[in-house]
Amino acid sequence: MAHPQSKRLLWRNTTVFDGLDQQPEPMAVLVEQGQIAGLWPESQFDPALAAGAEEAGHGGVMTPGLVDCHTHLVYAGDRAAEFEQRLEGVSYEAIARAGGGILSTVRATRAASEAQLISASLPRLDALLADGVTTVEIKSGYGLTLDDELKMLRVARRLATLRPVRVTTTLLGAHALPAEYADDADGYIDLVCAQIIPAASAQGLADAVDVFCEGIGFSTAQCERVFQAAISHGLAIKAHAEQLSNLGGSALAARYGALSVDHIEYLDESGVQALADAGTIAVLLPGAFHVLRETRLPPIDLLRRYGVPMAVASDANPGTSPLCMPTLMANLACTLFRLTPREALAGMTAHAARALGRPELGRIAIGATADLCLWDIQHPAELAYAVQAGRLRQRVFNGVISHAR
């Protein structure tokens, strides 16, 4: 639905990256009723086609609004002390097994009220918006009780009413084993499947369900139970998989029609084949790779060979990717994972939108939702080439200019 204040807006002579590739010549772009209503090469543009439209911008580079398809934006506390520990030689696994890691954030998040979580989360969200994000996925997973998981999801939904941004929510109940279930992982999965998923679905708080399929997370058998519960309640599936080892979580998620599998540094060829067969998006998270100083690269060449679309996301979270700058992720995807700038930008627009089951987003095409960014640069590759704040000239959300400089 178009914003009630939306106008008929026209951009002229702008270089367009349409979500998949750069258009071969400067373009004119017309927005009306929250959608892209016209798209013409400047050389073929007739002003009569956009009669009555307000000229909103000229020049620069236009991209779809960025889609951050994997974040843990809602949480309390911080993990700066663990950052120090890791730099002193303590492993991520050792910190987690000692009650730190995710569980330290769980304690802080459980203790926080909804108002406190909103207050803590808004600066992180604002940082994403200032760097061009118009759609963000926010996961739960730091509550790990029925009430606290629902609290996180309510906060995520509330953020979408406080800022001009599209929020999709993902229930990540199977994120870590809470202390009260320390010796009963199956019992905790019972809680997730029998209580948390049904309640989140009934209250309309979740769009998808995610799992952490890993040695320090949950087994494939436990994750499969979560997938079955999600499907029975009409929720889409995502998975944190193959981040630290190859357990086959990606192939399992693909068999259940997952929208995406995320991290995937240890994904093998049979897993890549499974993603290709299922149409599942591979989500690359170079921020966590960078912060954890990992060395095992995702199988980029295999993903290309099998035609698996690659999304790129911030993984904004307190422990392993406290980074809220999506264009930095584009740079890291290129420098660390060897993506091309075109692949990185497609990964933050068209492919990221597909990873959320929202293919109408992340594109500049007739009929697409008018979420757009106009950047003060000369070529789309500059977004990945330079790490530099302040290049966003305009941010358009649902056909309305929500930021202009």
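When reading the values below, keep in mind they use all heavy atoms of this one structure, side chains included, and skip hydrogens, waters and symmetry mates. Start at 1 with the first residue, then count along the sequence.
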Query raised in the report: Any side-chain donor paired with an acceptor under 3.5 Å for Q394 and W11?
Result: yes
**Report entry** Atom pair CD (E265) and CG (L244), whose distance is rounded to the nearest 0.5 Å
**Finding:** 8.0 Å
Query raised in the report: Is any side-chain heavy atom of L332 less than 4.5 Å from a side-chain heavy atom of F337?
Result: no
Report task. Answer with yes or no whether the side chains of T145 and D148 bring together a donor and an acceptor at under 3.5 Å. Result -> yes
Query raised in the report: Is D376 salt-bridged to R391, going by a charged N under 4.0 Å from an acidic O?
Result: no
**Report entry** Donor-acceptor side-chain pairing of Y256 and E224 below 3.5 angstrom
**Finding:** yes
Requested in this report: May I ask you to decide if A311's main-chain N or O and H351's side chain share a donor-acceptor pair within less than 3.5 Å?
Outcome: no
Query raised in the report: Given side chains that start at C-beta, do those of L87 and R293 come closer than 4.5 Å, heavy atoms only?
Result: yes
Query - Expected output: side-chain E343 to main-chain M310 donor-acceptor under 3.5 Å - result: no
Report task. Could you go through the salt bridge (Lys or Arg N to Asp or Glu O under 4.0 Å) check for R158 and E114 one step at a time? Result -> CA-CA 10 Å; R158 175 81 173 125; E114 289 188 29; over 6 Å; no
Query raised in the report: Using 4.0 Å as the upper bound for N to carboxylate O, is an ion pair formed by E84 and R86?
Result: no
Query raised in the report: Taking all atoms of both residues into account, what is the closest heavy-atom pair of L297 and L336, and its distance?
Result: CD2-O, 3.1 Å
Report task. For the pair V155 and Y75, evaluate side chain to side chain contact (heavy atoms under 4.5 Å, CB included) and give the outcome as yes or no after the intermediate values. Result -> CA-CA 10 Å; V155 168; Y75 61 87; over 6 Å; no
Query - Expected output: side-chain S260 to main-chain D262 donor-acceptor under 3.5 Å - result: no
Requested in this report: Could you tell me whether the side chain of H240 reaches within less than 4.5 Å of the side chain of V211, counting heavy atoms only?
Outcome: no
Query raised in the report: Hey, is the main chain of V74 close enough, under 3.5 Å, to the side chain of R124 for a donor-acceptor pair?
Result: no
Query raised in the report: Backbone N or O of L171 within a donor-acceptor pair of the E149 side chain at under 3.5 Å?
Result: no
Query raised in the report: Between the main-chain N or O of L117 and the side-chain N or O of K151, is there a donor-acceptor pair closer than 3.5 Å?
Result: no
Requested in this report: Would you give the length of the straight line joining atom CG of N317 to atom OH of Y142, rounded to the nearest 0.5 angstrom?
Outcome: 4.5 Å
Report task. Kindly compute the distance separating CG (L162) from CG (L125), expressed to the nearest 0.5 Å. Result -> 9.0 Å
Requested in this report: Report yes or no: does Q195 contribute a side-chain atom to a donor-acceptor pair with the main-chain N or O of V192 at less than 3.5 Å?
Outcome: no
Query raised in the report: Do other residues, nucleotides or ligands put more than 12 heavy atoms under 6.0 Å from the CD atom of Q378?
Result: no
Query raised in the report: Taking atom types as modelled and ignoring hydrogens, do the side chains of S270 and D268 form a donor-acceptor contact shorter than 3.5 angstrom?
Result: yes
Query raised in the report: Does a side chain donor of either D207 or T168 reach within less than 3.5 Å of an acceptor in the other side chain?
Result: no
Query raised in the report: Can you tell me if H70 and H263 form a side-chain donor-acceptor pair at under 3.5 Å?
Result: no
Query raised in the report: Does Y385 OH have over 12 foreign heavy atoms under 6.0 Å away?
Result: no
Query raised in the report: When you check the side-chain N and O atoms of Y306 and E269, is any donor under 3.5 Å from an acceptor?
Result: yes
Requested in this report: Starting from the C-alpha separation in whole Å, work towards a yes-or-no answer on side chain to side chain contact (heavy atoms under 4.5 Å, CB included) for T134 and R166.
Outcome: CA-CA 6 Å; T134 53; R166 218 173 296 280; over 6 Å; no
**Report entry** Side chains of D18 and P64 in contact at under 4.5 Å (non-hydrogen atoms)
**Finding:** no
Query raised in the report: Is it true that R8 and E54 have a side-chain N and a carboxylate O under 4.0 angstrom from each other?
Result: no
Report task. Start with the C-alpha gap between V133 and V67, add the side-chain angles, then the distance that decides, and say whether side chain to side chain contact (heavy atoms under 4.5 Å, CB included) holds. Result -> CA-CA 6 Å; V133 167; V67 177; over 6 Å; no
Requested in this report: Evaluate the side-chain proximity of I281 to V308: yes if any heavy-atom separation is below 4.5 Å, no if none is.
Outcome: no
Requested in this report: Return the minimal non-hydrogen interatomic distance between D68 and D315, and the atom names on each side.
Outcome: OD1-N, 4.5 Å
Requested in this report: Output yes when a side-chain donor or acceptor of R405 lies under 3.5 Å from a complementary backbone atom of H403, and no otherwise.
Outcome: no
**Report entry** L144 and T109, any side-chain heavy atoms less than 4.5 Å apart
**Finding:** no
**Report entry** Over 12 non-hydrogen atoms of neighbours within 6.0 angstrom of CZ in R354
**Finding:** no
Query raised in the report: Closest approach of L73 and C324, non-hydrogen atoms and distance?
Result: CD1-SG, 4.5 Å
Query - Rounded distance (nearest 0.5 Å) linking atom CD of E82 with atom OG1 of T105 - result: 7.0 Å
Requested in this report: Decide yes or no on side chain to side chain contact (heavy atoms under 4.5 Å, CB included) for M62 and T15, but give the supporting numbers first.
Outcome: CA-CA 6 Å; M62 180 175 280; T15 298; over 6 Å; no
Requested in this report: Before giving the answer on salt bridge (Lys or Arg N to Asp or Glu O under 4.0 Å), spell out for E55 and K7 the whole-Å C-alpha distance, their side-chain angles and the decisive distance to 0.1 Å.
Outcome: CA-CA 10 Å; E55 190 157 321; K7 303 173 183 175; over 6 Å; no
Query raised in the report: Is the closest side-chain donor-acceptor distance between R107 and S104 under 3.5 Å?
Result: no
Query raised in the report: Within the distance-only criterion (no hydrogens, no angle test), does the side chain of R338 pair as donor or acceptor with the backbone N or O of T335 below 3.5 angstrom?
Result: yes
Report summary line: Separation between CZ (R157) and CG (L205), nearest 0.5 Å, reads 6.5 Å
Query raised in the report: Going from CE on M348 to SG on C69, what distance comes out if it is rounded to the nearest 0.5 angstrom?
Result: 9.5 Å
Report task. For the residue pair S245 and E214, confirm or rule out a side-chain donor-acceptor distance under 3.5 Å. Result -> yes
Report summary line: Closest non-hydrogen contact found for A230 with I237 is CB-CG1, 4.2 Å
Query raised in the report: Is any side-chain heavy atom of V261 less than 4.5 Å from a side-chain heavy atom of V283?
Result: no
Query raised in the report: With side chains defined as the heavy atoms from C-beta onward, is the minimum distance between F218 and D186 less than 4.5 Å?
Result: no
Query - T280 (side chain) donor-acceptor with L259 (main chain) under 3.5 angstrom - result: no
Query raised in the report: Which atoms form the tightest heavy-atom contact between T169 and A156, and what is the distance?
Result: CG2-CB, 3.7 Å
Query raised in the report: Do you know which two heavy atoms are closest between I138 and L159, and how far apart they sit?
Result: CD1-CD1, 3.8 Å
Query raised in the report: With distance as the sole criterion, is a donor-acceptor pair present between the side chains of T170 and K139 under 3.5 Å?
Result: no
Query - No-hydrogen, no-angle side-chain donor-acceptor test under 3.5 Å, T327 and D131 - result: yes
